[in-house]
2 protein chains.
Amino acid sequence: MDRPAAPKRTRIQREKRELIREAALEVFAQHGFRGSTIDQIADAAGMSKPNLLYYFKNKEAIFATLIQRLLETWLAPLRAMDEAGDPQTEIRSYIRRKMEMARDFPRESRLFANEILQGAPRILPTLEGELKALVDEKAAVIAHWMRDGKLKTSDPYHFIFAIWATTQHYADFDVQVRAVLGDKRGGEGRFEDAARFLEGLFLG
Amino acid sequence: MDRPAAPKRTRIQREKRELIREAALEVFAQHGFRGSTIDQIADAAGMSKPNLLYYFKNKEAIFATLIQRLLETWLAPLRAMDEAGDPQTEIRSYIRRKMEMARDFPRESRLFANEILQGAPRILPTLEGELKALVDEKAAVIAHWMRDGKLKTSDPYHFIFAIWATTQHYADFDVQVRAVLGDKRGGEGRFEDAARFLEGLFLG
DNA sequence: GCAAATTTTGACCGTTTGGACAAACGTTAA
DNA sequence: TTAACGTTTGTCCAAACGGTCAAAATTTGC
């Protein structure tokens, strides 16, 4: 598992690369990979295109670092689910954490959704490897909890999928959610409302 | 509400326009609007680019007819939910229908997801108008059922969102679902498994 | 303060893209 | 048969795109 040694970077390189990642996240999340241009990202980062290309060798490279970082963040909540903990509490925490991510990192969620929608060309191996392994492990934990009667019995895989789908919906389909809820119910409280609803749905 | 009079079309025009729509659906669903090229669509439809542009005045126009048709199909299952029917049966049928759509029309689902992800630039008015009105109406029906004790009490809006999110997940995130389930559980039966799970989740 | 290293810029290039157009081809109906 | 109409094609264009490069400007280490 020897990955290429991380190149030494100057302070400016670290700062500018981070600045570019931030800008690229904004742009990629809205337009997808092919729909985004280097110029757009450079603009959003407040620098010229050649300058940006001094820090990343091409468009792919920018996208790659985003996706890589994304996957870590994304799987963290599921990793945190603890077999030794109280099942109800663990599930509730998991839902809460995912919901907070939908609220606080909607761009990351949309970037991920975009990638999957297009067939996950860049992360399919990770999905089949790391993600599958993690889900297999946690599905076993959930199945165990269900056998012990601590959780209502159902299919643990689809149980996990349902939590993913419902929580991420509030990030990915936010426009639609707000359009349907209108001004009153669609305000800032919508994430809290949703979290409460989902706890009832999955634990009630 | 006078929309522009539908132009008279020859038989060939009707056939070719349909052929183009079919090809465009395939391409747009995979790459999104900006990520798709007219050449790709023309190729997929087996004709030259100028020929395609004889039938649709530009890329936007192709996309527009797809989106328009999509919305009809999309809302049909929810419209079909009948206040006079048995609540459990109505909800079950709704989930089944949505699940069948995820299985049989995944391209339509992905096209829709793409559009929403990008902020729904072309259909926001429809979401705020027609869709909101329909959901308001059906949410009231569901709330009524809940008050009558025919359905477990919860927030009817988030209840509908949850059904949307979970069913469409199996179309939009199909790659991920298959990657995680693997060959055995991820075969053709996955839609049936999911449907059963969701019935339990929403009605059990 | 200065030389070396790093950062930024403007000008440029080949390719792809959306779209225009006129000419050619095919079909139909008087 | 032929004129009118519908369809298809090859060619072309301007803009946008991803990316290069050498030179200028700036920062850094001594």
Side-chain angles (χ1 to χ4, degrees), chain A residues 5-67 111 114-115 118 121-122, chain B residues 4-68 111 114-115 118 121-122:
Chain A
K8 287 167 189 157
R9 308 217 193 269
T10 68
R11 175 185 54 87
I12 293 186
Q13 275 169 0
R14 266 170 306 178
E15 288 171 5
K16 290 292 170 87
R17 281 174 64 93
E18 192 52 41
L19 185 70
I20 291 167
R21 266 189 282 259
E22 160 65 24
L25 175 59
E26 187 73 28
V27 176
F28 280 138
Q30 206 174 14
H31 303 105
F33 181 76
R34 287 210 49 193
S36 305
T37 72
I38 301 184
D39 272 311
Q40 273 179 299
I41 300 170
D43 269 7
M47 63 178 70
S48 66
K49 179 167 64 172
N51 197 185
L52 183 149
L53 286 167
Y54 170 72
Y55 292 103
F56 287 93
K57 82 171 197 293
N58 55 30
K59 202 169 124 180
E60 284 278 355
I62 310 173
F63 196 85
T65 71
L66 281 182
I67 285 282
L111 185 73
N114 250 313
E115 173 70 7
Q118 277 156 37
R122 292 159 250 264
Chain B
K8 288 167 188 156
R9 308 216 194 270
T10 68
R11 176 185 53 86
I12 292 186
Q13 276 169 359
R14 266 172 288 139
E15 288 171 4
K16 290 291 170 81
R17 282 174 63 94
E18 192 51 41
L19 185 69
I20 291 167
R21 266 189 282 259
E22 160 64 24
L25 175 59
E26 186 74 29
V27 176
F28 280 139
Q30 205 174 15
H31 304 103
F33 181 76
R34 289 209 48 192
S36 305
T37 73
I38 301 183
D39 271 313
Q40 273 179 301
I41 300 171
D43 269 8
M47 63 178 69
S48 67
K49 179 167 65 169
N51 197 184
L52 183 149
L53 286 168
Y54 170 71
Y55 293 104
F56 287 92
K57 83 171 196 294
N58 56 29
K59 201 169 125 179
E60 283 278 355
I62 310 173
F63 197 85
T65 72
L66 281 181
I67 284 281
Q68 191 185 340
L111 185 74
N114 251 313
E115 172 70 7
Q118 277 155 38
R122 292 159 249 262

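Hydrogens, waters and symmetry mates play no part in the numbers below; they use all other heavy atoms, side chains included. A, B, ... follow the sequence lines: proteins, then strands. Residue 1 opens every chain. Keep in mind the model is a prediction, meaning the values are calculated, not measured.
- Of the residues in residues 15-28 of chain B, those lying under 4.0 Å from DNA chain D by heavy-atom distance are B/Lys16.
- For B/Ser48, a side-chain nitrogen or oxygen approaches OP1 or OP2 of D/dT9 to under 4.0 Å.
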A/Gln13 and A/Tyr54: CA distance, side-chain angles, deciding distance, side chain to side chain contact (heavy atoms under 4.5 Å, CB included) verdict: CA-CA 10 Å; A/Gln13 275 169 0; A/Tyr54 170 72; 3.9 Å; yes
Letter by letter from the 5' end, nucleotides 13-30 of chain D scores (B base, S sugar-phosphate only, - none; protein heavy atoms under 4.0 Å) ----SBBBB------S--
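- Not one N or O on the side chain of B/Gln30 forms a donor-acceptor pair closer than 3.5 Å with the backbone of B/Val27.
- Residue A/Tyr54 has no polar side-chain atom (N or O) positioned under 4.0 Å from OP1 or OP2 of C/dT8.
- Formation of a donor-acceptor pair under 3.5 Å by the A/Arg17 side chain with backbone atoms of A/Tyr55 is found in this model.
- Figure legend: cation-pi geometry between A/Arg122 and A/Phe33, with NZ or CZ positioned under 6.0 Å from the six-membered ring centre and within 45° of its axis.
- Rounding to the nearest 0.5 Å gives a distance of 9.0 Å between CD1 of A/Ile67 and CG of A/Asn114.
- Residue contacts shown for B/Tyr55 are limited to sugar-phosphate atoms, with no base heavy atom under 4.0 Å away.
- OP1 and OP2 of C/dT6 both lie 4.0 Å or more from every side-chain N or O belonging to A/Gln13.
- At the phosphate of C/dT7, neither OP1 nor OP2 sits under 4.0 Å from any side-chain N or O atom of A/Asn51.
- Remark: B/Glu15 engages B/Arg11 in a salt bridge (Lys or Arg N to Asp or Glu O under 4.0 Å) (not counting sequence neighbours).
- Formation of a donor-acceptor pair under 3.5 Å by the B/Glu26 side chain with backbone atoms of B/Ala44 is not found in this model.
- The CE atom of B/Met47 sits 17 Å away from the C1' atom of D/dG10 (whole-angstrom rounding).
- Listed for the A/Lys59 side chain is a donor-acceptor partner under 3.5 Å among the backbone atoms of A/Ser36.
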